[in-house]
Amino acid sequence: MSGFRARARAEIAAGPPAATLSPILRKLVADTRAQLGTASPSDARARAQEARAYAVDHMDELHDQLRESCARNGTGYHRAATAEEAVAIVSRLLGDARRIAKSKSMVAEEVGLTGSLRLQGREVLETDIGEYIVDIEGRGPSHITAPALHLNRARIRELLAGAGADVPDDDPVRLSRTVRDVVAEFFADVDAGITGANAVIASSGRIVIVENEGNVSLGVSRPDVHIAITGMEKVVADEEAALAVLQVLAPSATAQPLTAYTHFLGGPEEGKERHLVIVDNGRSEILADERYRDVLRCIRCGACMNACPVYTAAGGLSYGSPYMGPIGAVVSPLLWRDGRHDDLPSASSLCGRCTEVCPVGIPLHRMLLDLRAGDTGNGGSAIERLGWKSWVAAFAGPQGRAASWLARLGLRAGGNLPGLPGSERSLPAATPTRDPAMLIPLDSIEPEPAPEPPAATLPADVVAFFRERAAIVGAIVTDDAGSEDGDRRVRATAAVASTGSVLLTGEDASRAALMDARRIVVEVDEDAIVRFPQDLAPSLAAGGDPLILTGASRTADIEKRIVRGIHGPEALVVVVGGGA
Amino acid sequence: MAKLALFVPCYMAALRPDDGGHARRVLERLGDEVETIVGPCCGQPAFNSGYRAEAKSVGRVLLRAARRHETIVTPSGSCASMVKHYLAGLWAGPRGASIERMAHRFVEFGAYVAAHPNVAALPLRLAGAVTYHDSCHGRRELGLTEGAVGLLEQIEGLDLRRLAYEDECCGFGGAFTVKEPEVSVAMARSKLADVASRGVRVLVSGDLSCLAHLEATARADDQPLETWTLAELLDRALA
């Protein structure tokens with residue numbers, strides 16, 4: 001029995017993962033489709049695919065450029081060939097730092113960073129709410145963007161109570177804020193912040209990070225040292241390419257137009273350090289193999305697992321890898337060449353839904369077929385090989401043998417099919433009897449119409465469009481914000497109608513000042529409103545650390561229920577003015 | 001009147017041979033002259049399991065049988081997709097190119113019927129309620145949904161209740177159901193819950209493989225269910 005099968009069997013026996021996952025993921029898939037269909041330009045996926053394909057095809061060249069850009073802006077560029085080297089580099093950069101605030105990073109999971117740093121006696125806190133919860137649970141994340149997706153609120157309450165928190169009930173708002181308070185307290189005294197990166201920009205050396213909660217905003221601004229760790233493939237050519245990726249990333253991941261915070265981080269502030277650790281760990285080998293190189297286009301949105309019926313039925317933990325679902329089944333055996341994940345390519349019914357939803361056009365199910373046929377990935381035993389030999393003899397041999405081969409197989413199994421303990425599944429009758437009554441509908445059951453996403457049309461008036469979308473993402477849109485204690489008043493360099501976002505640059509983008517405010521009040525000139533994120537590229541041309549705000553901070557890490565106001569101000573107030 | 005070959009794939013010949021007869025009768029009612037190729041395998045089970053040399057040996061037998069036919073109709077989206085998208089890739093060079101051309105002569109039964117010039121004149125009538133399941137290969141690799149649904153909608157008296165999650169896999173996946181039976185059955189149950197929520201007990205699909213998997217699971221779970229291939233439904237609607 002494969003490792004996947006053993007784990008999936010245990011998960012299903014313990015209470016089917018689909019009971020929790022299915023309603024959440026079905027809604028997410030529908031919402032993603034609507035988001036990409038109505039709030040994005042029609043060629044959003046094509047642009048993202050082009051940006052990622054270019055990066056994969058020019059990987060070495062872009063990294064040469066990135067290294068130079070980092071040298072210019074003062075970001076340390078470090079390259080780790082292996083997982084061990086990545087840990088060693090981060091350890092060296094941390095020096096004697098004791099208290100480390102870590103936010104979500106799949107590559108950190110891949111190289112085992114948190115565990116290694118703790119073994120060195122450092123205090124590492126997972127500051128993302130979902131990651132904090134799965135860290136307490138100790139079984140690892142079950143989804144790349146929603147790590148605690150496998151846990152329901154009752155179980156999360158138990159875990160938090162076990163960790164000493166006072167949680168009187170399992171209200172997701174209360175549970176989320178309980179973790180928020182632990183994290184906020186930790187940030188009061190912290191030596192270094194470790195984050196992942198969603199893209200790194202070759203032309204400017206900027207690190208792009210998306211987040212909803214505000215823990216990244218704190219992690220990159222409070223401590224004196226910020227280390228971003230990411231996979232070699234995350235490089236993109238320029239700001240335009242990064243925006244093309246961002247335009248599909250949040251819609252595909254969480255069905256948001258953009259996440260609450262989108263960071264573009266250039267060099268460190270005066271007196272501080274910023275480092276970028278680029279991890280290879282087998283990626284060069286993937287790049288050199290034309291069958292699989294396009295998997296390096298992946299932007300880790302998780303759309304493939306959201307849409308995957310195998311993932312839904314088995315749950316993310318069944319994959320036994322930091323990378324789960326279809327992308328995990330492709331990339332895990334390629335990253336770990338010791339065979340530990342070679343059973344994963346077979347953990348797919350090859351339905352192709354992953355390929356269909358992938359926003360960057362990775363032919364995932366075809367790669368699974370290639371992996372099964374390759375030297376790694378089919379996990380076939382000697383008995384299995386022998387079985388296929390006899391199958392060939394039956395079907396390629398003289399007429400009539402095929403039928404007898406099938407009949408023999410059927411007889412040996414007694415017509416029974418695998419699938420249930422003490423299986424009662426058996427082959428259906430060869431000549432079925434038909435009962436006319438079966439055609440009569442059971443009218444006691446009222447069939448529900450299939451949910452159809454509303455076909456929204458984009459208003460031609462960009463200002464009205466912006467107001468509408470900003471309100472949808474949770475901003476307060478008003479003509480008069482008034483004045484309150486703790487307001488941070490800023491002026492947007494630009495705003496995006498389709499996502500309801502505002503772009504802050506220069507001193508206005510200071511994370512430290514924004515995170516300490518009670519309200520962020522943003523003035524937006526009508527003239528500064530563009531239609532889509534892709535139109536922001538010219539506004540990102542100047543230096544500094546631009547920040548895109550899309551609604552106020554939030555989390556959906558507990559049962560995908562949205563809880564607003566995590567770190568940073570609970571209110572984002574947008575005042576649209578008549579132009580400069 | 002077109003001459004064609006009806007390819008009844010291995011598993012249909014073994015599991016429910018009457019479906020080949022249903023398909024044949026429908027094609028004849030359209031006025032076509034039908035020869036049959038019964039029982040070969042397209043090679044998909046081995047191909048999907050990573051055994052490509054074995055798939056090639058077996059697929060060759062089918063290609064040889066189909067060689068002299070201009071049109072080869074098969075009541076399986078899965079086999080049709082295997083032949084059209086993957087089989088030729090097992091041969092290199094000019095041999096591969098010539099097999100590729102031949103692969104285009106294969107057409108899935110529902111798509112063939114839906115596009116047939118005589119289809120509008122078929123007197124299709126059947127009173128009752130059914131739902132429809134798309135096979136993943138049929139849906140995603142051949143784009144068969146519209147044609148099949150169009151045929152169902154053409155049947156007078158038929159109450160077609162579409163599934164809420166029509167594009168979700170039933171969990172069969174060939175070798176997948178053998179290697180990962182627990183997950184495969186969990187997926188089938190999810191599909192069967194969708195079927196039950198439509199208030200119907202007859203499930204129609206272009207692919208018998210999906211249906212056999214779902215019927216076996218429904219029976220084990222005591223859910224009343226008949227599974228009909230599209231060919232059977234059309235044949236009964238013509239009777």
Side-chain angles (χ1 to χ4, degrees), chain A residues 2 4-5 8-9 12 16 18 22 26 309-310 312-314 346-353 355-356 369 372-374 377-378 380 388-389 391-392 395-396 402-403 406-407 417-420 423-428 430-432 434-435 438-448 450-451, chain B residues 10 13-18 39-41 45-52 54 57-58 60-61 127-130 136 140-141 159 161-165 167-169 171-173 176-187 190 197-202 212 215-217 219-220 224 226-227:
Chain A
S2 72
F4 176 86
R5 184 179 170 194
R9 191 146 100 147
I12 290 168
S22 184
R26 279 172 169 170
V310 174
T312 306
S346 293
S348 165
S349 66
L350 300 173
C351 78
R353 211 173 181 215
T355 302
E356 183 177 87
L369 279 168
R372 291 180 185 188
N378 79 32
W388 287 114
K389 265 211 178 88
W391 176 81
V392 170
F395 281 92
L406 277 170
L417 298 172
L420 299 172
S423 175
E424 285 156 31
R425 288 175 87 227
S426 51
L427 287 169
T431 46
R434 296 306 189 201
D435 174 2
M438 292 290 276
L439 281 163
I440 301 167
L442 305 172
D443 278 329
S444 57
I445 299 170
E446 193 58 42
E448 290 165 44
Chain B
C10 59
L15 283 181
R16 213 194 263 175
D18 287 355
C41 175
F47 182 78
N48 283 1
S49 301
Y51 292 83
R52 293 194 175 174
E54 289 80 356
S57 304
V58 165
R60 184 185 283 128
V61 178
V130 303
C136 296
R140 299 203 173 83
E141 298 197 315
D159 175 7
R161 300 186 179 180
R162 303 279 292 265
L163 294 174
Y165 306 99
D167 71 335
E168 287 181 8
C169 176
F172 174 63
F176 175 73
T177 197
V178 178
K179 288 198 170 183
E180 308 292 348
E182 294 82 8
V183 177
S184 173
V185 167
M187 289 162 69
S190 172
S197 80
R198 306 295 94 180
V200 299
R201 293 167 295 175
V202 175
E215 189 175 319
T217 307
R219 187 136 39 113
E226 284 185 6
T227 65

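Proteins get letters first, then strands, A, B, ... in listed order; numbering begins at 1 in each.
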Check your understanding: Which of the residues B:Val200, B:Val58, B:Asp159 is involved in the greatest number of heavy-atom pairs with chain A at under 4.5 angstrom?
Key ->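 Most heavy-atom pairs within the cutoff with chain A belong to B:Val58.
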
Exercise for review: Could I get the full list of side chain to side chain donor-acceptor pair (under 3.5 Å) partners for A:Arg353, not counting sequence neighbours?
Suggested key: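 Once residues adjacent in sequence are excluded, the partners of A:Arg353 under the side chain to side chain donor-acceptor pair (under 3.5 Å) criterion are B:Asp167.
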
Review point. Who are the side chain to side chain donor-acceptor pair (under 3.5 Å) partners of B:Glu54, not counting sequence neighbours?
Key: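 B:Glu54 satisfies side chain to side chain donor-acceptor pair (under 3.5 Å) with no other residue.
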
Is [X] close to chain B through its backbone or its side chain, or both, or neither, when contacts mean heavy atoms under 4.5 Å?
X        : answer
A:Pro432 : side chain
A:Ser348 : backbone
A:Ile12  : side chain

Name the region of [X], side chain, backbone, both or neither, that has any atom closer than 4.5 Å to a heavy atom of chain A.
X        : value
B:Ala13  : neither
B:Ser57  : both
B:Val183 : both

Practice item. State the CD-CZ distance between A:Glu356 and B:Arg140, to the nearest 0.5 angstrom. Key: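 The CD atom of A:Glu356 sits 4.5 Å away from the CZ atom of B:Arg140.
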
Review point. Rounded to the nearest 0.5 Å, how far does CZ of B:Arg198 lie from CG of A:Leu442?
Key: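 Going from CG on A:Leu442 over to CZ on B:Arg198, the span is 13.0 Å.
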
Review point. Please walk me through it: do B:Glu180 and A:Ser349 pass side chain to side chain contact (heavy atoms under 4.5 Å, CB included)?
Key: CA-CA 9 Å; B:Glu180 308 292 348; A:Ser349 66; over 6 Å; no

Check your understanding: So, for B:Arg161 and A:Pro441, which heavy atoms are closest and what is the spacing to 0.1 Å?
Key ->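 That would be NH2-CB, 3.5 Å.
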
Exercise for review: Please lay out, stage by stage, how B:Ser190 and A:Arg26 fare under the test side chain to side chain contact (heavy atoms under 4.5 Å, CB included).
Suggested key: CA-CA 12 Å; B:Ser190 172; A:Arg26 279 172 169 170; 3.2 Å; yes

